[in-house]
Amino acid sequence: MIVLYQFPRCWQIPNPSHFCVKLETYLRMAGLEYRMIPTIPFTAPRGKLPYIDDNGVKIADSRAIIRHLQQHYGPGPDTGLSPAQLAQALAWQRLLEEHLYWISMYSRWQGSAENWQINKQAIFGSLPVWAGAPLAQAYRWRIKAQLRGQGLARLSPAEIWQQATADIAALSTQLGDQPYFLGQQPCSLDASAYGVLSNIINCPVTSPLQELAEQTPNLPAFCRRMQSRYFPELSA
Ligand SMILES: N[C@@H](CCC(=O)N[C@@H](CS)C(=O)NCC(=O)O)C(=O)O
């Protein structure tokens with residue numbers, strides 16, 4: 001059976017990690033059985049979560065994992081997408097995972113002191129204090145360095161929220177009044193979108209980004225739709 005390593009659940013969303021939500025949603029969309037082991041990225045093969053162990057083979061990076069799953073277990077929810085739809089899905093995933101994700105990380109790791117406490121408790125709260133406190137501090141420095149390396153943290157907050165506004169508006173326009181991002185059927189793009197959007201809209205970390213997303217007519221409804229379809233146990 002596939003073993004999924006990811007952060008412990010919290011906040012009544014599938015995971016505090018955007019990429020862990022994406023992968024677990026994909027597994028459920030594809031109807032693949034898995035067992036979950038809560039962990040932190042410390043011992044992950046590429047130093048990041050999620051990763052899987054599939055019959056003794058460890059694979060890290062949600063994209064590499066989904067490619068592996070598609071090769072070994074079939075195309076799953078992306079069956080039937082045209083080459084043009086697959087291209088669109090790729091472009092939207094890049095916006096979500098390579099841009100909006102970082103704005104969400106900025107809100108969470110570099111935002112207010114209250115947000116930091118909420119985030120710290122969710123990710124490191126299950127560890128004993130002697131281990132959790134220094135690890136949390138080390139990861140905070142690490143993520144701040146990543147945000148500077150990516151370039152986002154070199155912009156002013158006003159510039160960051162301006163970019164967030166454009167991303168959120170584009171996503172809301174693409175979704176329109178369809179249930180899923182490419183139409184009537186969910187596909188791996190929806191798993192990616194749910195991963196990022198649930199971690200913006202449905203988590204207790206408040207920010208201008210969350211306000212922007214909450215004000216759209218359709219993105220919060222998309223998150224509710226995904227949660228009730230794939231994670232009904234979290235709504236109970
Ligand atoms: N490209 C990777 C990104 C995974 C990722 O960034 N995971 C974050 C959690 S959302 C992580 O484990 N970060 C720990 C670190 O960077 O030290 C994927 O698609 O899986």
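Just the heavy atoms: all of them, side chains too, but no hydrogens, waters or symmetry mates, feed the values below. Note that ligands are numbered from 1 as they come in the structure, with each ligand's atoms numbered from 1 the same way.
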Item to check | ligand 1: protein residues within heavy-atom distance under 4.0 Å | outcome: Phe7, Ser17, Phe19, Pro41, Gly47, Lys48, Leu49, Pro50, Asp61, Ser62, Arg63, Tyr101, Tyr139, Arg142, Gln146
Checklist entry - Counting distance only, does the side-chain N/O of Asn115 pair as donor-acceptor with the main-chain N or O of Ser207 below 3.5 Å? => result no
Would you give me the side-chain donor-acceptor pairs under 3.5 Å for residues 167-188, sequence neighbours excluded?
unit_1 : atom_1 : unit_2 : atom_2 : d
Asp167 : OD2    : His99  : ND1    : 2.6
Ser172 : OG     : Asn218 : OD1    : 2.7
Thr173 : OG1    : Ala169 : O      : 2.8
Gln174 : NE2    : Phe181 : O      : 2.9
Gln178 : OE1    : Gly183 : N      : 3.4
Gln178 : NE2    : Gln174 : O      : 3.2
Gln178 : NE2    : Leu175 : O      : 3.4
Gln178 : NE2    : Tyr180 : O      : 3.4
Gln178 : NE2    : Phe181 : O      : 3.3
Tyr180 : OH     : Arg229 : NH1    : 3.0
Ser188 : OG     : Asp78  : OD1    : 3.2
Ser188 : OG     : Asp78  : OD2    : 2.6

Next on the checklist: Count I, L, V, M, F, W, Y as connected when their side-chain heavy atoms are under 4.5 Å apart, and connections chain through other members. Are Tyr101 and Leu155 then in the same cluster?
Outcome noted: yes
Checklist entry - Does Asp54 reach the main-chain N or O of Val57 with its side chain, forming a donor-acceptor pair under 3.5 Å? => result no
Next on the checklist: I need the full list of ring pair (Phe, Tyr, Trp, His ring centres under 6.0 Å) pairs touching residues 185-219, with sequence neighbours left out, sorted by first then second residue.
Outcome noted: none
Per-pair distances, 0.1 Å, donor-acceptor, side chain in residues 127-151, under 3.5 Å, sequence neighbours excluded:
unit_1 : atom_1 : unit_2 : atom_2 : d
Arg140 : NE     : Trp109 : O      : 3.2
Arg140 : NH2    : Trp109 : O      : 3.4
Gln150 : OE1    : Leu152 : N      : 3.0

